[in-house]
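Numbering of ligands and ligand atoms starts at 1, following listing order.
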Amino acid sequence: MGELYSLAGKRVWVAGHRGMVGSAIVDRLAAEDCEVLTVGRDGADLRRQADVEAWMAANKPHAVFIAAARVGGIWANDTRPAEFIYENLMIEANIVDAAWRNGVEKLLFLGSSCIYPREAPQPMTESALLTGPLEPTNQWYAIAKIAGIKLCQAYRRQYGCDFVSAMPTNLYGYRDNFDLTSSHVLPALMAKIHAAKAEGRSSFEVWGSGRPRREFLFAADAADAMVFLIKNYSGEEHVNVGTGLEVTIRELAETAAQVIGFDGEIVFDSSKPDGAPRKLLDVSALAGLGWTAKTGLREGIRLSYDWYLEHKAPR
Ligand code: GDP
């Protein structure tokens, strides 16, 4: 099958290579015949335009993945809005502009399913963007990510740059953030259930009502989709990346407890926010291009929990 863009022999910069998705993209690129470039914060602070311009001019990547971002769960988003909007706007604007100035051939920007309106019809198609008000708890992050899509579109229209955007659903996997005040729901549940089991308790706590529905994609699958898209997609419209399957937070907690081997009770903390009621992506555009997810939720939780046990669990 002919690809639109070949990574063979190319210098490929993964911005954000220490994060969960960026590191999964680096792992996935090992199977491609390309040179992977990375830079730590000491080499270039991506929030600083001069750093990004200097690094890009010195290293001249052919292709770029923007997986660098200030990310976090519902509590972090709600309580640190300035960091979420400022850092994400700066990172994406600096990289997109420097990519154009340095003749980058292909760029893939990663966003998030929270770009869609809170009340968007489910499953959410790409065309639901900017059709209604955002979910207030993560509007700061969402506005920055919408701006990232628009940056790619504007540079494509005005300068003919082949810059594309992918919007992944809620991701989890290796090197996730397990800190309870800033993490997303799945790593938080793993850490909480693990602690309850280890301490011999009879219950664990879940924020909100347990009724919101979410879709979860294993980060290694997400990385595979990103590499697929950079090679096979060119267009102005962003592309949803997910499984097309959803679970309630209660079901998620029950599944995680089964995988971890804990049969305690769930206690719901209604002082914490539920956030968006549903966030299910319509993935038919991606499926039409020829990509579908491989790792089921139970298997993905098992793999992530094994990683947690090996690297993060308190001993
Ligand atoms: P969201 O998808 O942007 O809302 O991000 P999260 O992954 O942080 O939260 C998803 C849902 O899980 C929300 O309804 C949370 O209230 C719920 N949730 C339940 N327990 C937890 C927890 O311990 N941590 C987090 N972050 N969310 C939790």
Side-chain angles (χ1 to χ4, degrees), residues 19-21 69-81 83-85 88 110-120 122-124 133-146 167-173 176-197 201 203-219 222 240-243 245-257 260 262 264-281 297 300-301 304-305 308 312:
M20 179 174 69
V21 190
R70 163 69 59 185
V71 297
I74 193 164
W75 191 253
N77 267 274
D78 209 18
T79 53
R80 287 161 32 206
E83 287 169 46
F84 277 83
I85 192 163
N88 288 307
L110 274 85
S112 153
S113 60
C114 70
I115 58 163
Y116 292 115
R118 177 185 159 86
E119 304 294 343
Q122 307 284 321
M124 303 182 290
L134 297 165
E135 156 59 33
T137 51
N138 54 26
Q139 58 180 315
W140 324 97
Y141 179 77
I143 287 283
K145 289 296 183 182
I146 293 169
M167 297 301 120
T169 188
N170 296 41
L171 304 176
Y172 68 98
D176 210 339
N177 170 15
F178 291 87
D179 170 71
L180 297 183
T181 58
S182 58
S183 67
H184 286 102
V185 59
L186 195 37
L189 290 178
M190 284 185 218
K192 288 200 254 191
I193 296 168
H194 177 83
K197 182 183 172 188
R201 284 189 265 126
S203 66
F204 64 99
E205 196 181 81
V206 173
W207 292 357
S209 67
R211 284 192 296 271
R213 294 169 176 271
R214 293 288 185 275
E215 174 186 9
F216 295 92
L217 178 66
F218 192 50
N240 288 342
V241 176
T243 60
L245 304 169
E246 63 180 347
V247 291
T248 65
I249 296 301
R250 176 194 282 275
E251 289 163 348
L252 181 73
E254 289 167 352
T255 304
I260 294 170
F262 181 65
E265 221 184 299
I266 300 176
V267 176
F268 291 100
D269 175 1
S270 58
S271 73
K272 292 288 195 303
D274 268 346
R278 283 179 84 186
K279 281 205 298 193
L280 178 64
L281 291 177
L297 182 60
I301 294 176
S304 303
Y305 182 61
Y308 173 77
K312 291 280 171 179

For this session: Look at atom 23 (O) of ligand 1 and find which of Lys279, Arg214, Lys192 reaches it with the closest heavy atom.
Result: Lys192
Exercise. If we only count N/O pairs under 3.5 Å, is Pro273 in contact with ligand 1?
Worked result: yes
Problem set entry | Set of residues satisfying side chain to side chain donor-acceptor pair (under 3.5 Å) with respect to Thr79, sequence neighbours excluded | none
Problem set entry | Residues that Asn77 engages under side chain to side chain donor-acceptor pair (under 3.5 Å), provided they are two or more places apart | none
Seminar exercise, completed: Near Ala188 (heavy-atom distance under 4.0 Å), the atoms of ligand 1 are 22 (C), 23 (O), 24 (N)
Problem set entry | Ligand-residue contact atoms, ligand 1 with Asn138, heavy atoms, under 4.0 Å | 3 (O)
Seminar exercise, completed: Counting from 1 in the order shown, the ligand 1 atoms closer than 4.0 Å to a non-hydrogen atom of Val206 are 19 (C), 20 (N)
Problem set entry | Ile249 contact mode with ligand 1 (heavy-atom cut-off under 4.0 Å) | side chain
Seminar exercise, completed: Of all protein heavy atoms, the one nearest atom 20 (N) of ligand 1 is Trp207 N, 2.9 Å
For this session: Please step through side-chain contact (heavy atoms from CB on, under 4.5 Å) for the pair Val206 and Leu189, ending with a clear verdict.
Result: CA-CA 7 Å; Val206 173; Leu189 290 178; 3.8 Å; yes
For this session: Give the numbers and elements of all ligand 1 atoms closer than 4.0 Å to a heavy atom of Pro212.
Result: 14 (O)
Exercise. Quick one: does Trp75's side chain get under 4.5 Å of Ser183's, heavy atoms only?
Worked result: no
For this session: Decide yes or no for Asp78 and Phe84: does some side-chain heavy atom of the first lie under 4.5 Å from some side-chain heavy atom of the second?
Result: no
Exercise. For Ser183, is the nearest heavy atom under 4.0 Å from an atom of ligand 1?
Worked result: yes
Exercise. Glu215 and Ser113: side-chain contact (heavy atoms from CB on, under 4.5 Å), yes or no, with the steps?
Worked result: CA-CA 10 Å; Glu215 174 186 9; Ser113 60; over 6 Å; no
Exercise. Quick one: are Thr243 and Thr169 in side-chain contact, heavy atoms under 4.5 Å?
Worked result: no
Exercise. Between Ile74 and ligand 1, is there a nitrogen or oxygen pair with a distance under 3.5 Å?
Worked result: yes
For this session: Locate the shortest heavy-atom distance separating Tyr116 from Met124; write the atom from each residue and the value.
Result: CB-SD, 3.5 Å
For this session: Report the residue from Ile85, Leu134, Val71, Ile115 that forms a side-chain contact (heavy atoms from CB on, under 4.5 Å) with Tyr141.
Result: Val71
Exercise. Which one of Val185, Leu180, Thr137, Thr169 has a non-hydrogen atom at the shortest distance from atom 27 (N) of ligand 1?
Worked result: Val185
For this session: Taking only heavy atoms of Gly73 into account, list the atoms of ligand 1 that are under 4.0 Å away from them.
Result: 8 (O)
For this session: Pull out every atom of ligand 1 sitting under 4.0 Å from any heavy atom of Asn170, numbered as shown with elements.
Result: 2 (O)
Exercise. Are any side-chain N or O atoms of Gln122 and backbone N or O atoms of Ala120, one a donor and one an acceptor, separated by less than 3.5 Å?
Worked result: yes
For this session: Just jot down the ligand 1 atoms closer than 4.0 angstrom to any heavy atom of Asp274, in number order.
Result: 13 (C), 14 (O)
Problem set entry | Asn77 contact mode with ligand 1 (heavy-atom cut-off under 4.0 Å) | neither
